[in-house]
Amino acid sequence: QVQLVESGGGLVQAGGSLRLSCAASRIIFTIYTMGWYRQAPGKQRELVARITGGGTTIHADSVKGRFTISRDNAKNTVYLQMNSLKPEDTAVYYCNSVPESFHWGQGTQVTVSL
């Protein structure tokens, strides 16, 4: 069974930075477009960034210029560098393929305070 393990979240002040990691196991990682999703309280889960196996990226307008998705295929890991964080970025962050094909991991909580 595919396992996705997210890490790197935490509590940060507005304007701060965090780097999230997602380690994937038991998949041929390079063939999948991977994405970072987030779900804020009371809201639907949304895709914030995606990256193809070859490294082409797309970021949602709400995070463009602040977040950067990347991946290391040798380590089966996808990253999300988050800079200039805002309170509205507060959410649980998850990774999955795009479209999502795997069971969701536990996610990692990001909380941005004023």
Side-chain angles (χ1 to χ4, degrees):
Q1 183 176 346
V2 174
Q3 188 175 21
L4 301 170
V5 180
E6 300 93 348
S7 62
L11 173 63
V12 64
Q13 286 189 326
S17 298
L18 286 172
R19 189 192 193 208
L20 307 183
S21 299
C22 171
S25 61
R26 305 188 184 94
I27 62 171
I28 304 173
F29 188 67
T30 54
I31 70 173
Y32 290 96
T33 294
M34 296 298 294
W36 280 99
Y37 301 75
R38 68 185 179 187
Q39 187 167 22
K43 295 187 177 181
Q44 289 191 331
R45 189 175 287 158
E46 62 172 342
L47 176 65
V48 296
R50 69 179 76 181
I51 183 168
T52 68
T56 300
T57 62
I58 297 175
H59 297 80
D61 288 343
S62 59
V63 306
K64 200 171 293 183
R66 301 187 299 120
F67 292 9
T68 303
I69 190 171
S70 61
R71 66 192 293 163
D72 185 335
N73 289 332
K75 296 182 178 179
N76 276 22
T77 301
V78 61
Y79 305 97
L80 187 69
Q81 178 66 45
M82 305 188 296
N83 299 327
S84 302
L85 282 159
K86 303 176 181 180
E88 51 263 45
D89 295 319
T90 294
V92 180
Y93 285 71
Y94 304 86
C95 70
N96 209 317
S97 59
V98 182
E100 55 265 34
S101 301
F102 311 121
H103 288 294
W104 295 95
Q106 81 287 351
T108 187
Q109 175 71 49
V110 172
T111 303
V112 185
S113 64
L114 286 169

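- Going from atom OG1 of T108 over to atom OH of Y94 covers 10.0 Å, rounded to the nearest 0.5 Å.
- Partners of Y93 under the ring pair (Phe, Tyr, Trp, His ring centres under 6.0 Å) rule, at least two apart in sequence or in another chain, do not exist in this structure.
- No path of Ile, Leu, Val, Met, Phe, Trp and Tyr side chains, each step under 4.5 Å between heavy atoms, connects V110 with V92, placing them in separate hydrophobic clusters.
- Here CZ of R45 is found 8.0 Å from CG of N96. Values are rounded to the nearest 0.5 Å.
- For the salt bridge (Lys or Arg N to Asp or Glu O under 4.0 Å) test, no residue two or more places apart in sequence or in another chain qualifies with K75.
- No donor-acceptor pair under 3.5 Å is formed between the side chain of R50 and the backbone N or O of I58.
- In terms of the salt bridge (Lys or Arg N to Asp or Glu O under 4.0 Å) criterion, residue partners of E46 (sequence neighbours excluded) are, by chain and number, R38.
- In this view, Y32 and F102 satisfy the ring pair (Phe, Tyr, Trp, His ring centres under 6.0 Å) rule, not counting sequence neighbours.
- Listed by first and then second residue, the side-chain hydrogen bond (donor to acceptor under 3.5 Å, both in side chains) pairs that reach into residues 52-61 are D61-K64, sequence neighbours excluded.
- Contact record, F29 with V78: CZ-N, 4.2 Å, taken as the closest heavy-atom pair.
- Environment of CD in E88: crowded, with over 12 heavy atoms of neighbouring residues, nucleotides or ligands closer than 6.0 Å.
- For Q109, the side chain to side chain donor-acceptor pair (under 3.5 Å) criterion is met by T111, not counting sequence neighbours.
- Within the structure, disulfide (SG to SG under 2.5 Å) contacts touching residues 41-76 (residues at least two apart or in different chains) do not occur.
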Could you list the donor-acceptor pairs under 3.5 angstrom formed between side-chain atoms of residues 4-28 and any protein atom two or more places apart in sequence or on another chain?
| from | atom 1 | to | atom 2 | distance (Å) |
| --- | --- | --- | --- | --- |
| E6 | OE1 | G107 | N | 3.0 |
| E6 | OE2 | C95 | N | 3.1 |
| S17 | OG | N83 | OD1 | 2.9 |
| R26 | NH1 | Q1 | O | 3.1 |

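- For residues 38-75, the set of pairs meeting the disulfide (SG to SG under 2.5 Å) definition, not counting sequence neighbours, is empty.
- With sequence neighbours left out, Y37 forms a ring pair (Phe, Tyr, Trp, His ring centres under 6.0 Å) with W104.
- Listed by chain and number, the residues in a side chain to side chain donor-acceptor pair (under 3.5 Å) with Y79 amount to none (sequence neighbours excluded).
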Handout entry: Step-by-step side-chain contact (heavy atoms from CB on, under 4.5 Å) determination, M34 to V98
Key = CA-CA 6 Å; M34 296 298 294; V98 182; over 6 Å; no

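- How far CZ of F67 is from CG of L80: 6.0 Å, rounded to the nearest 0.5 Å.
- For residues 42-88, the set of pairs meeting the disulfide (SG to SG under 2.5 Å) definition, not counting sequence neighbours, is empty.
- The heavy-atom pair separating S84 from D89 by the smallest distance is O-OD2, 4.5 Å.
- A donor-acceptor contact shorter than 3.5 Å links the side chain of T90 to the backbone of V112.
- For the atom pair CZ (R71) and OG1 (T30), the distance works out to 7.5 Å, reported to the nearest 0.5 Å.
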